[in-house]
Protein chains: 2
Amino acid sequence: MGTGATGTAIRAAALELFAARGYEGTTMADIGAAVGIRGPSLYKHVASKQDLLVELMTTTMDGLLELQRVALAGTADPVERLRRAVDAHVRFHARHRLEAFVGASEMRSLAEPHRGTVLGKRAEYERSFRRLVEEGVAAGRFRVPSARLASYAILDLGMGLATWYREEGELSENEVVWQQTEFALRLVGAG
Amino acid sequence: MGTGATGTAIRAAALELFAARGYEGTTMADIGAAVGIRGPSLYKHVASKQDLLVELMTTTMDGLLELQRVALAGTADPVERLRRAVDAHVRFHARHRLEAFVGASEMRSLAEPHRGTVLGKRAEYERSFRRLVEEGVAAGRFRVPSARLASYAILDLGMGLATWYREEGELSENEVVWQQTEFALRLVGAG
DNA sequence: TCGATCGGCTAACGACTGCTAGCCATCGGA
DNA sequence: TCCGATGGCTAGCAGTCGTTAGCCGATCGA
């Protein structure tokens, strides 16, 4: 059944190229060259260029949602719930910066119906964060002018990592995660 | 000398299309259609498609830097300085969401040497924000684990507007600006 | 009135794109 | 040993793109 390793290598190369040059700016020949084969040979492993993007974006959103689900399971305290959700959010963006960057900037290149699906997952993710803030406000633990704006701010905090975070940077993943979580809690007035 | 209005209309149409479909995903025919002419006719008004992007991105960064300069002029108090810088930052992103979005996501489509120029301006803008945080820390008015991370967080807060802010939204520009400024001050522990 | 300029247009070039067709070497299992 | 599957390859199709060339009607100052 072959090694199957090439399929993974192709997806990894596509991710890196989509992040660096954009979906439209990346050719199948580019992706092929990155794994040592010609463009047309790619079609022995993947159905189409669009398929590469679809799979990349849906698995990214699924991973993010799953991580959040796990982080929130079995915890009732609003402050602790937000802390865990932000931890998962930031950690995911640190570990998958390229996926996050492509996910945010290439939504337009995603064809229907997948575009709608991914947008739906993203809306669900955001709604979940807003609810976390509202829970904290209702419990008298947070103090914010607008739960919507606060949740957007927290989401943006983590998504920003996609731009500036580097694994080789001077700050470790844990340090960044801790500080961003601290920022998020200060932001909602739970410091 | 003609009206000159067409040149402006072309730039406005290009901005909207670049934001919606991306630079590579936008054709000269698209831009022409948006202003009621054919693709090739555009060359009576602009030098090239790349020129459209170059001008868009440099004027955006210049506007952002100039606004920051004005905001900081003649104020010494670190808290007030950060407050004004964040106000300008957020207000700019609210008023020029499309420019900000294109500026952030189409850097890759910008050819050298303009890419280097714009990146330099952006680095200067970021450095200025970091210095503001460091000033506040040095004066004992802010309390942050890392000035670098705090300044990134503040920058991301405003840049996020590019994604979710809408003029027709329920929150007015002033409300959003005020709340984001509040968030930024909480974030650096100056609440 | 006349001639230049302005700003549209179509035709077309040359390069490039995603993808298909079809060929062939390699190699593991029967 | 041989046969089929695997996974490379080149050639090429059918389009699209940015851009140039060259044409022509309208407008306007002299």
Engineer: If the plane angle is over 60° it's perpendicular, under 30° parallel, otherwise tilted; pick one for A:Trp164 and B:Tyr152.
Structural biologist: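 The rings of A:Trp164 and B:Tyr152 lie parallel, inter-plane angle below 30°.
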Engineer: How many angstroms lie between atom CZ of B:Phe142 and atom CG of B:Leu185, to the nearest 0.5 angstrom?
Structural biologist: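 Reported value, rounded in 0.5 Å steps: 6.5 Å.
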Engineer: Is the number of heavy atoms from other residues, nucleotides or ligands under 6.0 Å of A:Glu24 CD greater than 12?
Structural biologist: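 Buried by this count: over 12 neighbours within 6.0 Å.
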Engineer: Write down the distance between CG (B:Leu42) and C1' (C:dT10), rounded to a whole number of angstrom.
Structural biologist: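 These atoms are roughly 15 Å apart.
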Engineer: Within this structure, what is the CD-CG distance for the pair B:Gln180 and A:Asp156, rounded to the nearest 0.5 Å?
Structural biologist: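 One finds 7.5 Å between CD of B:Gln180 and CG of A:Asp156.
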Engineer: For D:dG8, take OP1 and OP2 only and decide whether either is under 4.0 Å from a side-chain N or O of A:His45.
Structural biologist: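 For D:dG8, OP1/OP2 do have a side-chain N/O of A:His45 under 4.0 Å.
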Engineer: Produce the list of close N/O pairs, under 3.5 Å, pairing protein atoms with atoms of nucleotides 9-19 of chain D; give distances to one decimal.
Structural biologist:
| from | atom 1 | to | atom 2 | distance (Å) |
| --- | --- | --- | --- | --- |
| D:dC9 | OP2 | A:Arg38 | N | 2.7 |
| D:dC9 | OP2 | A:Ser41 | OG | 2.7 |
| D:dG18 | OP1 | B:Thr26 | O | 3.1 |
| D:dG18 | OP1 | B:Lys49 | NZ | 2.8 |
| D:dG18 | OP2 | B:Met28 | N | 2.9 |
| D:dT19 | OP2 | B:Tyr43 | OH | 2.4 |
| D:dT19 | OP2 | B:Lys49 | N | 3.0 |
| D:dT19 | O5' | B:Tyr43 | OH | 3.1 |

Engineer: Among B:Arg83, B:Arg91, B:Arg84, exactly one meets side-chain hydrogen bond (donor to acceptor under 3.5 Å, both in side chains) together with B:Asp87. Which residue is that?
Structural biologist: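 Testing each of B:Arg83, B:Arg91, B:Arg84 against B:Asp87, the sole residue satisfying side-chain hydrogen bond (donor to acceptor under 3.5 Å, both in side chains) is B:Arg91.
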